[in-house]
Q: 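Please see the structure below; I have some questions.
Within every chain, numbering begins at 1; the chains are lettered A, B, ... in the order of the sequence lines, protein sequences first and strands thereafter.
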There are 2 protein chains.
Amino acid sequence: MRGALRPTLSPGEIWHRRLTDLMDLSEGARAAVRDAVSAPRSYQSREHIVRDGLEDTAVRVLLSGFACRYKYLPDGSRQITTFIVPGDICDFGFLSDSPASQSVVTLSHSTVGMVDLDRLAGIVEQYPEVMTAILRCAAIEHGATNELLVSLGGRNALHRVSHLLCEMHFRLNKAGLVREDGSFDLPLTQAELGEALGLSTVHVNRTVQVLRRLGLATWRDKVVTLPDPEGMRSLCSFDPGYLQAR
Amino acid sequence: MRGALRPTLSPGEIWHRRLTDLMDLSEGARAAVRDAVSAPRSYQSREHIVRDGLEDTAVRVLLSGFACRYKYLPDGSRQITTFIVPGDICDFGFLSDSPASQSVVTLSHSTVGMVDLDRLAGIVEQYPEVMTAILRCAAIEHGATNELLVSLGGRNALHRVSHLLCEMHFRLNKAGLVREDGSFDLPLTQAELGEALGLSTVHVNRTVQVLRRLGLATWRDKVVTLPDPEGMRSLCSFDPGYLQAR
DNA sequence: TGCCTTGTTTAACCTATGTGAATTGCACGG
DNA sequence: CCGTGCAATTCACATAGGTTAAACAAGGCA
């Protein structure tokens, strides 16, 4: 049983980790952030965290599991626009005081922490750096959306799939969710991956098999392994710049 | 010569118009915003406004003309990720105090106003609603990116092109740039439209001709006319919700 | 034990869109 | 008036990826 992920963390630990990665925070700010996250609420797979932008008085932070934002097309097909991993904010509608136009749904069993908006306002007033950190979260998410856009506009199926796997590897690694052997949980179905990448399920399957044959990726039982991350990155020219503060 | 667009405006007028559309601003805030925009700087077509996120101490607002944000793919092709029309902020990097990862280039002769960052900070401190208004600008831009993502992921060529034309019609109309007869300047080349929509130039051309034959759109000499906006909207199920504050 | 359900895989066939290359129409500069 | 060059257009052909349907595997449950 090598690769136990990590000991249990306090709810706020994950968000704290994310924010300090993006911004130097004072000791006081860090404590405030850590304490602001409420006891996690648990969601089953395919349960809605945010329904069509119905926003209330709290910011939701994914603490564990996997989720996505999506939009429906008129023909009933679904386009996934972002994947949400632990540490991510589920919905940025609170920033502009307007409900989000999208819904957020879990893709696996997940837990979500709440940060009360009034409380957050107080923290931000005392520690303005926290606001910058949050805005960086938003900027990175926007960057990820842009990169997905680039994938759909200009990359072929093989590059789309490998680029997304590289991104997941990178993001989950930052969250401490990649094991020693380079494997990580990716609780997606191939159909869902297709809904994000604009590919049919069948073609996602074909493409994943090519990656297997190339010895660059395996994906079984919701676990992805990249035996040769460097080879994978160079295959699709993955550059994680868009996922980092600078 | 019907349809003269509108009399000359003071530089800050356009931005003022945009922000008040998104947010109720007090008289003081409106004056502050109006006065904060510097004398416009003029750019030729295809000149860079922001180069690879080299950010300085001012926010740039497009006052007239047309621009886009883009990213290059490793194979040298270019993916346009956003079109920027008068009233839009060119780059939101200043929000998170990190350089943008993209470049902004004009697509026609354009003018750009600058808002000094320190000055803006002062305004925001006195009138926090201005910050919310700016964050709404950012949210709407994110919404537009998402919608383009949806186009690339799930719409066919005809719907992509018509949806984009509907969006342009809507956005330019808000900026007061659509003439009585429903026509508006779209200083793009078909190749550039293809770079945004993930289509080859040839196929953009084919598609535009279909729209012509359907009597839904004409596009000549950089001028687009939608004789039947409603038909156009229903063709591609255009819903401008994602472009508005609510 | 055996039937559902959900997800992956395979196969045959089809089409929307890309590619390459030539043609046309203009606007511009000399 | 003639070249030059960019943008729009056309044509012939190629292909990546979609579609439909069926088979297969594994887990849950009666």
Q: Does B/Thr189 make a side-chain N or O approach to OP1 or OP2 of D/dC6 shorter than 4.0 Å?
A: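 False: B/Thr189 side-chain N/O out of range (4.0 Å or more) of D/dC6 OP1/OP2.
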
Q: Separation of A/Leu197 atom CG from D/dA16 atom P, in whole Å?
A: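 The distance from CG of A/Leu197 to P of D/dA16 comes to 18 Å, rounded to the nearest Å.
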
Q: Checking the side chain of B/Ser110 only, and the main-chain atoms of B/Phe66 only, is there a donor and an acceptor separated by less than 3.5 Å?
A: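 Checking the backbone N and O of B/Phe66 against the side chain of B/Ser110, a donor-acceptor pair under 3.5 Å is found.
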
Q: Are A/Thr111 and A/Ser42 linked by a side-chain donor-acceptor pair shorter than 3.5 Å?
A: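 Distance-only check fails for A/Thr111 and A/Ser42.
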
Q: Would you mind reading off the distance between A/Glu192 atom CD and C/dT6 atom P, rounded to a whole angstrom?
A: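 These atoms are roughly 13 Å apart.
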
Q: As a quick check of understanding, evaluate ring-ring contact (aromatic ring centres under 6.0 Å, His included) for A/His109 and A/Tyr43, giving each step before the final call.
A: CA-CA 6 Å; A/His109 174 79; A/Tyr43 289 83; 9.1 Å; no

Q: Apply the side chain to side chain donor-acceptor pair (under 3.5 Å) test between A/Arg179 and each candidate in A/Thr225, A/Asn173, A/Asp185; give the one that qualifies.
A: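 Among the candidates, only A/Asp185 passes.
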
Q: Look at the side chain of B/Ala157 and decide which nucleotide, out of C/dT8, C/dT17, D/dG17, has an atom nearest to it.
A: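 Out of C/dT8, C/dT17, D/dG17, the nucleotide with an atom closest to B/Ala157's side chain is C/dT17.
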
Q: To the nearest angstrom, how far is A/Glu195 atom CD from C/dG7 atom P?
A: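 Nearest whole value for this atom pair: 11 Å.
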
Q: Mind checking A/Arg155 for me? I need base, sugar-phosphate or nothing, with any heavy atom below 4.0 Å counting as a touch.
A: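 A/Arg155: no heavy atom of the nucleic acid under 4.0 Å.
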
Q: Among residues 198-215 of chain B, which residues get a heavy atom nearer than 4.0 Å to DNA chain C?
A: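 Per residue number, the list reads B/Gly198, B/Leu199, B/Ser200, B/Val202, B/His203, B/Arg206.
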
Q: Checking side-chain contact (heavy atoms from CB on, under 4.5 Å) between A/Arg69 and each of A/Val104, A/Ile80, A/Val50, A/Ile49, which is the one that passes?
A: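 Testing each of A/Val104, A/Ile80, A/Val50, A/Ile49 against A/Arg69, the sole residue satisfying side-chain contact (heavy atoms from CB on, under 4.5 Å) is A/Val104.
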
Q: Could you check how far NE2 of B/His159 sits from P of C/dT17, rounded to whole Å?
A: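 Nearest whole value for this atom pair: 10 Å.
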
Q: Between A/Arg17 and A/Glu13, does any side-chain N to carboxylate O distance fall below 4.0 Å?
A: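 Between A/Glu13 and A/Arg17 there is no salt bridge, as every charged N stays at least 4.0 Å from the carboxylate O atoms.
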
Q: Tell me the interatomic distance from A/Asn156, atom CG, to C/dT17, atom C1', rounded to whole angstroms.
A: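 Going from CG in A/Asn156 over to C1' in C/dT17 covers 15 Å.
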
Q: In this structure, how many angstroms lie between the C1' atom of C/dT10 and the CD atom of A/Gln190, rounded?
A: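 Checked: the CD to C1' distance equals 13 Å.
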
Q: Could you tell me, to 10°, how much the axis swings from one end of the helix from C/dT1-D/dA30 to C/dG30-D/dC1 to the other, five pairs per end?
A: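 Axis-to-axis angle, ends of the helix: 30°.
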
Q: Before accepting this row, confirm whether a basic side-chain N of the pair B/Glu192/B/Arg46 lies closer than 4.0 Å to the acidic partner's carboxylate O.
A: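 Yes, charged N to carboxylate O under 4.0 Å.
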
Q: CH2 of B/Trp219 versus P of C/dG25: gap in Å, rounded?
A: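 Distance, rounded to whole Å: 20 Å.
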
Q: Using a strict 4.0 Å threshold on nitrogen-to-oxygen distance, state whether A/Arg233 and A/Glu167 make a salt bridge.
A: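 Result for this pair is no, no salt bridge flagged.
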
Q: Before accepting this row, confirm whether a basic side-chain N of the pair B/Arg155/B/Glu147 lies closer than 4.0 Å to the acidic partner's carboxylate O.
A: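 Yes, this pair counts.
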
Q: Starting from C1' on D/dG18, measure out to CZ on A/Arg160 and report it in whole angstrom.
A: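 These atoms are roughly 12 Å apart.
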
